[in-house]
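This report concerns only the one structure given below.
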Amino acid sequence: MSPKSAILLPLYIYPLPGAWEPLYQAISAHPDVNFIVIVNPHNGPGSSLLPDASYTRELPKLNARPNVSTIGYIRIDYCKRDLSEVDRDISTYAGWSKDSSISGCSVDGIFVDEAPNIYSEDVAMYLNYVTQRVKATNGIMGTRLCIHNPGTCPDPELTVPGPDITAVVEESFEHYQALALQERLSMLLRYDRSRCAFIVHSVPEDAVKPLVQELRKRGMYLFVTNLHTNYYVQFGSCWGDFVKAMDS
């Protein structure tokens, strides 16, 4: 039997009434599965200090569930984005827990997208700064989880100290199976499974369950979908099968 893993869900679906219902149903039906849910109002928290009415209606429903942690999305443009803008995004998310006009809208960490995988001294300094900023920010709740997403295995020099979790694969099923990717993982992966996330899309329906069983041995945090496009802004037809496979 494969070890337990958590679902790492990029939830970039705008929360119109009912839009998140497949997620709520899965959370309730699988109380032994942990869900880390990445919210992304507008390529980050957006320009407003507070989330809009749709988010303030739905986020408390997520945060009320004992098997859910909500984290906020930011992008860093492969370390080209000005750190003052990154600081502002992190501070904005932190502010959601401090404003008395909204409640239950806090985040427990930050998902750092567009992280480089190639080492340089400047890249390492930038990434370490972002991780430390997340960890030191009052208003980011819980363990202040920091996840980097290079989408591929980073150079070993970027793993020390590194973030809490790294998405070492964000690929289609076909590319995940490719020999070159598997060789890169074999040569460069320096994290144990407790710090690895795998995100695989375009998975054939009959391959979802066996892939999940395989990935659970390799990573603690997983997202698998049969969708070929727009896979973070809708629930695929295999969403239920994926969640069941994570709970078996």
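Since we're looking at a predicted model, the values are computed, not measured.
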Give a yes or no on whether [X] atom [atom1] has more than 12 heavy-atom contacts from other residues, nucleotides or ligands under 6.0 Å away.
{"X": "Leu83", "atom1": "CG", "value": "yes"}
{"X": "Lys217", "atom1": "NZ", "value": "no"}
{"X": "Glu21", "atom1": "CD", "value": "yes"}
{"X": "Glu174", "atom1": "CD", "value": "no"}

Any side-chain donor paired with an acceptor under 3.5 Å for [X] and [Y]?
{"X": "Thr137", "Y": "Arg133", "answer": "yes"}
{"X": "Asp122", "Y": "Ser120", "answer": "no"}
{"X": "Tyr14", "Y": "Asp52", "answer": "yes"}
{"X": "Asp87", "Y": "Tyr129", "answer": "yes"}

Within one Ile-Leu-Val-Met-Phe-Trp-Tyr cluster: Met125 and Ile90, side-chain cutoff 4.5 Å: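 Not linked; separate clusters.
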Minimum-distance pair of heavy atoms, taken over all atoms of His30 and Asn67: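 So the two residues come closest at O-ND2, 3.3 Å.
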Polar side-chain atom of Lys135 near backbone of Val130 as donor-acceptor pair, under 3.5 Å: no
Between side-chain atoms of residues 195-211 and protein atoms elsewhere (two or more places apart, or another chain), which donor-acceptor pairs fall under 3.5 Å?
unit_1: Arg195; atom_1: NH2; unit_2: Pro161; atom_2: O; d: 2.8
unit_1: Arg195; atom_1: NH2; unit_2: Pro163; atom_2: O; d: 2.7
unit_1: His201; atom_1: NE2; unit_2: Ser172; atom_2: N; d: 3.4
unit_1: His201; atom_1: NE2; unit_2: Tyr231; atom_2: OH; d: 3.3
unit_1: Ser202; atom_1: OG; unit_2: His228; atom_2: ND1; d: 3.4
unit_1: Glu205; atom_1: OE2; unit_2: Ser237; atom_2: OG; d: 3.4

Whether Trp20 and Tyr55 hold their rings parallel, tilted or perpendicular, with breakpoints at 30° and 60°: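 Rings of Trp20 and Tyr55: perpendicular, as their planes differ by over 60°.
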Spacing of CD1 belonging to Ile147 relative to CG belonging to Leu8, to within rounding of 0.5 Å: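 The distance works out to 5.0 Å.
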